[in-house]
Amino acid sequence: MQSTALTLSPLTPLLRPLNKNPNHRYGSLWNLSSLKPLVLLRSINGLSFQKASHLSSCSRFNARRINEPFLISDGRCDGFKVRATPVPGNVGDTNDSSGLATSMQLGAMFAIWYILNIYFNIFNKQVLKVYTFPATVTAFHFGCGTLMILIMWASNLYHRPKLTRSQLAVIIPLAIVHTLGNLLTNVSIGRVNVSFTHTIKAMEPFFTVLFSVLFLGEWPTFWIVFSLIPVVGGVALASFTEASFNWIGFCSAMASNVTNQSRNVLSKKFMVKNEETLDNINLFSIITIISFMLLVPAAILLEGVKFSPSYLQSAANQGLNIRELCIRSLLAGFCLHSYQQVSYMILQMVSPVTHSVGNCVKRVVVIIASVIFFQTPVSPINSLGTTLALTGVFLYSKAKQLKPKPKGGETLKVAE
């Protein structure tokens with residue numbers, strides 16, 4: 001593993017020119033001054049209606065809520081009172097313009113999601129190459145997210161949730177596996193190339209199907225099984241030809257797949273009923289805060305206090321640029337929390353299948369961007385394996401459209 005850190009500019013290296021390999025040159029593909037703070041927008045889930053006892057309207061409302069996969073629902077429904085109003089003559093034009101506006105908004109949100117994800121992976125890899133403490137780095141990311149959440153609630157950018165004990169009983173296990181998934185991903189990124197980590201994480205659909213069979217008794221359709229063949233084959237082919245391959249990086253990325261998908265399955269098995277609705281963004285916010293509280297003592301236990309002034313001064317004496325390390329760590333934490341917030345906002349606007357397809361495309365974009373930025377050597381066979389795996393993920397997303405919707409409740413869909 002190289003010890004040379006990539007820099008924000010050639011004049012501000014993380015490591016002073018005391019490297020073992022000073023001949024490597026890296027160039028930034030993006031102007032970091034263009035990275036603007038992401039404004040957290042208030043999510044509007046729907047319109048306000050007056051209550052009435054119309055069962056047909058109630059059933060349509062239930063169908064809408066079932067398609068929102070990150071909600072803890074109470075299973076109850078109030079009807080809607082429908083009032084007749086005159087229809088203007090240009091209603092078709094109004095619908096067309098509103099549809100165009102919605103499409104443009106979604107396109108902008110997808111672009112922000114992808115760009116922030118690219119920046120996060122670049123900054124995170126730069127930090128982990130010279131500061132090899134993944135638990136401390138992950139805790140710092142959750143700390144940045146917690147601070148942003150508290151500011152969001154305190155400034156009324158988004159309403160604060162009201163939690164019950166039964167909701168917390170479900171959220172805490174989800175936060176535990178969420179913490180493990182992020183930690184294991186950072187362990188992998190610190191050990192192998194970013195592109196290889198994301199290629200391995202393309203195996204997530206395989207574990208989704210496996211855990212659904214084992215714990216939920218849901219058997220996949222033929223087309224879903226068929227789509228998993230290129231996923232498994234592509235990851236295997238890419239692994240055999242990966243220049244940065246090592247078992248710690250490979251196994252930790254696979255373990256992150258296990259934790260992430262077990263989180264999704266557990267959320268479906270133990271979904272809270274008869275409780276006040278908790279929307280996607282607040283649920284993610286609570287999970288982030290709990291993850292931070294869990295990981296800080298775990299990081300100290302595993303790695304010691306590695307972010308104290310005395311340790312940083314000692315590292316600075318050995319050639320580490322502390323200022324640039326802190327800047328990149330802050331930017332990585334900001335990008336991580338911001339792109340996940342945007343991802344959940346997208347989840348509230350589109351179907352889970354559409355989001356899965358978008359997530360597949362995002363993985364392709366991140367792999368290509370990381371290969372270009374870090375000048376990662378890629379062999380033709382490695383490229384074939386990566387392409388095959390990502391194609392399988394795309395086919396899996398499309399095959400899910402052919403699968404009947406489950407009747408047993410909602411599934412927690414975690415955005416990345």
Side-chain angles (χ1 to χ4, degrees), residues 35-43 70 109 112-128 131 133-161 163 168 171-187 189-190 256 259-260 263 278-300 306-307 325-348 359 362 366 412-416:
L35 182 62
K36 304 295 183 183
L38 177 67
V39 178
L40 296 175
L41 301 177
R42 183 182 297 272
S43 175
F70 206 47
M109 292 175 69
I112 294 172
W113 183 24
Y114 291 0
I115 292 171
L116 288 173
N117 205 298
I118 291 170
Y119 272 105
F120 164 72
N121 281 279
I122 290 173
F123 292 137
N124 196 32
K125 179 64 175 179
Q126 289 176 328
V127 170
L128 288 169
Y131 190 76
F133 305 105
T136 302
V137 171
T138 309
F140 188 84
H141 292 165
F142 286 135
C144 290
T146 299
L147 180 61
M148 293 172 65
I149 291 164
L150 296 179
I151 293 174
M152 177 181 70
W153 285 343
S155 58
N156 291 323
L157 288 174
Y158 205 81
H159 64 278
R160 282 172 290 182
L163 290 176
L168 277 176
I171 294 173
I172 289 176
L174 298 179
I176 293 173
V177 291
H178 178 74
T179 304
L180 287 174
N182 280 267
L183 174 59
L184 291 167
T185 299
N186 279 341
V187 171
I189 289 177
S256 72
T259 56
N260 288 338
R263 169 186 53 195
L278 192 65
D279 63 78
N280 293 9
I281 293 178
N282 273 332
L283 181 53
F284 164 66
S285 298
I286 294 167
I287 287 177
T288 298
I289 295 173
I290 295 175
S291 296
F292 174 65
M293 297 171 63
L294 292 172
L295 195 52
V296 167
I300 295 174
K306 300 299 184 184
F307 216 78
L325 174 67
C326 293
I327 290 174
R328 286 182 176 86
S329 298
L330 284 170
L331 289 172
F334 167 80
C335 291
L336 173 65
H337 184 76
S338 298
Y339 89 68
Q340 288 184 329
Q341 285 275 21
V342 173
S343 181
Y344 291 133
M345 292 169 68
I346 293 174
L347 260 176
Q348 290 181 243
N359 194 53
K362 180 216 69 179
V366 170
L412 180 145
K413 170 68 178 177
V414 177
E416 294 187 72

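- The two atoms that bring Arg328 and Phe123 nearest to each other are O-CB, 3.8 Å, heavy atoms only.
- Counting all heavy atoms, side chain and backbone alike, Leu330 lies closest to Cys144 at CD2-SG, 4.0 Å.
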Exercise. Could you go through the side chain to side chain contact (heavy atoms under 4.5 Å, CB included) check for Ile149 and His337 one step at a time?
Key: CA-CA 9 Å; Ile149 291 164; His337 184 76; 3.4 Å; yes

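- The two atoms that bring Trp113 and Tyr339 nearest to each other are CD1-O, 3.5 Å, heavy atoms only.
- At least one side-chain heavy atom of Leu163 sits under 4.5 Å from a side-chain heavy atom of Ile171.
- Under the 3.5 Å distance criterion, with hydrogens and angles disregarded, a donor-acceptor pair is assigned to the side chains of Trp153 and Asn282.
- Crowding of Met293 atom CE: a count of heavy atoms from other residues, nucleotides or ligands under 6.0 Å not exceeding 12.
- In this structure, the separation between NE2 on His141 and CG on Leu183 is 11.5 Å, given to the nearest 0.5 Å.
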Quiz item: Can you list the steps and then say if Ser285 with Met152 is a side chain to side chain contact (heavy atoms under 4.5 Å, CB included)?
Solution: CA-CA 10 Å; Ser285 298; Met152 177 181 70; 3.9 Å; yes

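- Among all heavy-atom pairs drawn from Ile286 and Pro161, the shortest one is CD1-CG, 3.7 Å.
- Annotation: the span from Thr146 atom OG1 to Ile151 atom CD1 amounts to 11.0 Å, rounded to 0.5 Å.
- With ring centers used as reference points, Phe142 lies under 6.0 Å from His178.
- Here the OG1-CG distance, from Thr179 to Leu184, works out to 10.5 Å after rounding to the nearest 0.5 Å.
- Side-chain contact between Gln341 and Met148 is absent, with no heavy atoms from C-beta onward closer than 4.5 Å.
- Under the rule for a side-chain contact (heavy atoms from CB on, under 4.5 Å), the partners of Ile172 that lie at least two apart in sequence or sit in another chain are Ile176, Ile290.
- The side chain to side chain donor-acceptor pair (under 3.5 Å) check on Thr138 picks up Asn186, with sequence neighbours excluded.
- What you find for Cys335 and Leu116 is that their closest heavy atoms are CB-O, 3.6 Å.
- When the ring pair (Phe, Tyr, Trp, His ring centres under 6.0 Å) test is applied to Phe133, the partners found at least two apart in sequence or on another chain are Tyr131, Tyr311.
- Looking at every heavy atom in both residues, Leu295 comes nearest to Ala139 through CD2-N, 3.4 Å.
- The distance from atom CD of Gln340 to atom CG of Asn182, rounded to the nearest 0.5 Å, is 6.0 Å.
- In this structure, the separation between OG on Ser338 and CG on Leu331 is 10.5 Å, given to the nearest 0.5 Å.
- Atoms CG and NZ, on Asn117 and Lys362 in that order, are 4.5 Å from each other to the nearest 0.5 Å.
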